[in-house]
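Note sheet for the following structure.
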Amino acid sequence: MAFFYELDCFCYFCKKEPIYQFHNMGKVLIIGAGGVASVAAHKVAQNSDVFTDIMIASRTESKCKALAKAIEDKGLVPAGSIKTAQVDADNVPELVALFNEYKPDLVMNLALPYQDLTIMEACLQSGVSYLDTANYEPKDEAHFEYSWQWAFKERFEQAGLTAILGCGFDPGVTSIYTAYAAKHHFDEIQYLDIVDCNAGDHHKAFATNFNPEINIREITQKGLYWENGQWVETEPLEIHQPLTYPEIGPKESYLLHHEEIESLVKNYPTIKRARFWMTFGEQYLKHLDVIQNIGMSRIDEIEYTAEAADGSGPVKVKIVPLQFLKAVLPNPQDLGENYEGQTSIGCRIRGIKDGKERTYYVYNNCSHQAAYEETGMQGVSYTTGVPAMIGAMMYLKGIWKRPGVWNVEEFDPDPFMEQLNKQGLPWHEIHDGDLEL
């Protein structure tokens, strides 16, 4: 399939118009075989006019093969057309060998955030562009920020490669919503609140909607928001208030640290305050409290004495409590079948347009059941996997193609917003309403 790609890419900040040239592209390698990767792979297969070749790779190739078969059994692509591979995403030489053999046009990193840097390094060594959905965090510290990945910027520029960071929903779509608002509805954005509500019911006593290890690390660390040119730290879940979500109603919402705030206040310096809010049910928080109190949220390695399986006596065993907890909790990939309700994620923005204060709320509501019927995964995986596919589409079409390392709000939001409506995540707007914040 021939596409136009941009020789001189559109830049929202300088308003430069693009110049286009024909190019043939469409070969993607998806790293990961979890819920988000499953959704992204389904959506990639649905858009075969853009994605001409697909490979799925992960540490466990059997999961990749099962995912490929599920997609092929639905008739989305011919049987046997999706390639699979086993790869350790922590191992740069293994990644480089795979990239050099398959020669993808783009690597979609849908693995764990711990592996962002090794995959980016392998892309540089192999001459391949890169996309992910979450920023890097060290495995031994519950801390995430963009500095580690932004440090790759000059190397990607010199290599003529593109790296697209944070192309899920939040981060991802929420950043693109902000860029769209800045382009069309505001001369100056002053207050930004990203709100994320999951009003679904999976009928489990306790389960996380994405990787339990990442999810619990994120929620149990201290909150952080931007106000008046500086970061303000809070205790975990200290600040909360009820917010009203469309078609859902009021839900208690908690202030968290979330990575897109870091890039948005950098790229939109008029922002006076930026915050991120997420809803949690009372039962979820009770379980989380117990998990913390008994030490199961620890990420450091501990040693205990256990009886050897062969009865030969006591042996020393090492585990990381949170990784052990992950092993016994429900797999997020298995929640979809009985999941009811919907998610509601959006941006509530206040700013100035033509000298007057205006408010703007842009959001998407996603049905867990509709997501499951289409892809076999619940709505949280769906809302991350679909934008990852659209971001890859934007790159392969040349619309988001620029050497360097970029957050999604640094590209033109309009073609991405158009695809959200076409690919299953339609958005809605409320102008000059009560933001509650």
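- How far CD1 of Ile248 is from SG of Cys197: 4.0 Å, rounded to the nearest 0.5 Å.
- In summary, of the residues considered (Phe411, Trp427, Phe186, Phe416), a ring-ring contact (aromatic ring centres under 6.0 Å, His included) with Tyr180 occurs for Trp427 alone.
- Side-chain atoms of Asn109 and Asp116 include a donor-acceptor pair closer than 3.5 Å.
- For Trp226 against Ile271, the heavy-atom pair with the smallest separation is NE1-O, 3.6 Å.
- Annotation: Tyr372 is not in aromatic contact with His368 [ring centroid separation under 6.0 Å not met].
- In this model, a donor atom of one side chain and an acceptor atom of the other lie less than 3.5 Å apart for Ser263 and Glu409.
- More than 12 heavy atoms of other residues, nucleotides or ligands shown are found within 6.0 angstrom of NZ on Lys74.
- Trp148 has its ring centre less than 6.0 Å from the ring centre of Tyr136.
- Between Phe156 and Trp406, a ring centre-to-centre spacing not shorter than 6.0 Å is recorded.
- Looking at Ile119, Leu110, Asp132 one by one, the single match for side-chain contact (heavy atoms from CB on, under 4.5 Å) with Ile31 turns out to be Ile119.
- For Arg273, the CZ atom is densely surrounded, since the number of other residues' heavy atoms within 6.0 Å is greater than 12.
- No side-chain donor-acceptor contact under 3.5 Å links Tyr130 and Thr162.
- A salt bridge links Arg348 to Glu436: one of the charged nitrogens lies within less than 4.0 Å of a carboxylate oxygen.
- Other residues, nucleotides and ligands place more than 12 heavy atoms under 6.0 Å from the CD atom of Gln158.
- Summarising the geometry, atom CD1 belonging to Ile176 is positioned 11.5 Å from atom CD belonging to Gln419; distances are rounded to the nearest 0.5 Å.
- Counting only heavy atoms from C-beta outward, the side chains of Arg59 and Val87 never approach each other to under 4.5 Å.
- Ser253 has its side chain out of reach of His240: every pair of non-hydrogen atoms, C-beta onward, lies at least 4.5 Å apart.
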